[in-house]
Amino acid sequence: MLSLMNFRLLIVFLVWWCVENESLGDPPNGASLTSDGQHLQEEVAAIEIPFALTSANILSVRGILNGTDTADLMFHTAVDSLSLTKESIKRISSVKMDDVETIKSWGGESQGRFSKSNSLKLAGLTWDNLLITEDELSGSHTDGKFGPNLFKGYVIEVDFEHQSLRLHSRLPDTIDPKYQRLAIEYDRGNMFVLAAVETEAKRFENRFLLHTGFGGTVVMDDEFVASNGLAQELKTVGESQLSDALGNVLKTKDVQIPSFSIAAFRFSDVPSRFFDGSSRLQRISVLGVEILKRFNWIIDKEHDCIYLKPNSLFNSAFSG
């Protein structure tokens, strides 16, 4: 039989052996170890969601609705909901429209249906109990659209070069020094940044909405154009028409901006537009994908900032 002293020594030995050999096992949850056996904070890999940048400058993401129906959805930074077009709802049998509500757009208001309690899967992420609204239109060759609110709690990286959305649990520790930090101003949940229209003699600064739902370059708001006399300052090169999500047709003037700058980056001879002065509908200025795609973006909503870095598309010719 063991004496009391030997028993105590045995207990001390067993405790020492367990502590010394704990570091020999696999690290919990995939965490790495330092040389002294202490656990490092687990580094969570970014979630990657591929998108296709279409010829119409649409960021199209393939998703699965309610576990059965495939849908191509536009990533639209200026919306806060998930929507489908009337045409796609006819095809997507798992989405049942329940009721009617008032929907607002650029051109006015309209009545639209909505559907409750839907699920959506994008790459490795799944959402449940989603509300889907009905829209008349979406981006070319897409069934509907969704906004960045779907990625609440994540830092969103938009990589136009590799056509990928990457979701980070926090801002990466190391950011390429080529990125420039720009403050975000929020208005009704939408993201605005400062940019400037420059002529030979003057510089006009304004806030612009980040708008991946618009495939063009720049749309200037009515007040900005009128208060700075830009209708006279800028050369008119034509007229166009835009349609909003509800099918309202809006007339615009096409102009050439001699120089357009965002952060320290500058573009020359930028095709732009503003709405016909009689409409008085355009209350915000817009940055579309024809400008946005020339950068890779990191959107850090928690700290009210965005990082942008020029990519290989920066010096490409403006389309249209």
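These figures come from a predicted structure and were not determined experimentally.
Summarising the geometry, atom OG belonging to S272 is positioned 9.0 Å from atom CD belonging to Q256; distances are rounded to the nearest 0.5 Å. Here the NZ-NZ distance, from K309 to K178, works out to 6.5 Å after rounding to the nearest 0.5 Å.
Within a 6.0 Å radius of CD in E161, other residues, nucleotides and ligands contribute more than 12 heavy atoms. Within 6.0 Å of CD in Q163 there are more than 12 heavy atoms belonging to other residues, nucleotides or ligands. Open room surrounds OH on Y154; 12 or fewer heavy atoms of other groups in view lie less than 6.0 Å from it.
No donor-acceptor pair under 3.5 Å is formed between the side chain of R166 and the backbone N or O of V155. At least one donor-acceptor pair under 3.5 Å links the side chain of W127 to the backbone N or O of L150. Looking only at distances, no side-chain donor or acceptor of H168 sits under 3.5 Å from a matching main-chain atom of L171. Judged by distance alone, the side chain of W297 and the main-chain N or O of L292 form a donor-acceptor pair under 3.5 Å. No donor-acceptor distance shorter than 3.5 angstrom exists from the side chain of D187 to the backbone of N190, with no hydrogens or angles considered. The closest donor-acceptor contact from the side chain of K96 to the backbone of S93 lies under 3.5 Å. H76 places a side-chain N or O within 3.5 Å of a backbone atom of A78 that can act as its donor or acceptor partner.
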Query raised in the report: Under the side-chain hydrogen bond (donor to acceptor under 3.5 Å, both in side chains) criterion, do N118 and D128 qualify, and how do the steps go?
Result: CA-CA 6 Å; N118 296 279; D128 295 308; over 6 Å; no
Requested in this report: Let me see the working for E198 and R266 under salt bridge (Lys or Arg N to Asp or Glu O under 4.0 Å), right down to the final yes or no.
Outcome: CA-CA 10 Å; E198 301 175 19; R266 180 173 279 102; 3.1 Å; yes
Report task. Would you check, one step at a time, whether the test side-chain hydrogen bond (donor to acceptor under 3.5 Å, both in side chains) holds for N206 with S285? Result -> CA-CA 8 Å; N206 195 25; S285 292; 2.9 Å; yes
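In the hydrophobic cluster analysis, where Ile, Leu, Val, Met, Phe, Trp and Tyr join through side-chain heavy atoms closer than 4.5 angstrom, F75 is grouped together with L125. In the hydrophobic clustering of this structure, V193 groups with I299; members are Ile, Leu, Val, Met, Phe, Trp, Tyr whose side-chain heavy atoms approach within less than 4.5 Å, directly or through other members. The hydrophobic clustering, which links ILVMFWY residues whose side-chain heavy atoms are closer than 4.5 Å, places L53 and L287 together. No single ILVMFWY cluster, assembled from side-chain heavy atoms under 4.5 Å apart, contains both M74 and V286. Both F204 and I291 are assigned to one and the same hydrophobic cluster, defined by single-linkage of ILVMFWY side chains at heavy-atom distances under 4.5 Å.
Because its NZ or CZ atom is both nearer than 6.0 Å to the ring centre of F192 and within 45° of the ring axis, R207 counts as a cation-pi partner of that residue.
Contact check on R91 versus D69 returns no salt bridge, with no Lys/Arg side-chain nitrogen under 4.0 Å from an Asp/Glu carboxylate oxygen. Ion pair K145/D135 flagged as a salt bridge, since at least one NZ, NE, NH1 or NH2 atom sits closer than 4.0 Å to an Asp/Glu carboxylate oxygen. Taking a cutoff of 4.0 Å between a charged side-chain nitrogen and a carboxylate oxygen, R283 and E223 do not qualify as a salt bridge. Salt bridge absent: R113 and D98 never bring a charged side-chain N and a carboxylate O closer than 4.0 Å.
Residue F260 forms a ring-ring contact (aromatic ring centres under 6.0 Å, His included) with just one option from F267, F208, F265, and that option is F208. Only one option out of N66, I64, L73 pairs with L120 in a side-chain contact (heavy atoms from CB on, under 4.5 Å); it is L73. Test V79, D80, I132, L82 against F146 for side-chain contact (heavy atoms from CB on, under 4.5 Å) and you get one pass: L82. Across V255, V219, T252, a single residue satisfies side-chain contact (heavy atoms from CB on, under 4.5 Å) together with F274, and that is V255.
Looking at I298 and I306, their side chains never come closer than 4.5 Å, going by heavy atoms from C-beta outward.
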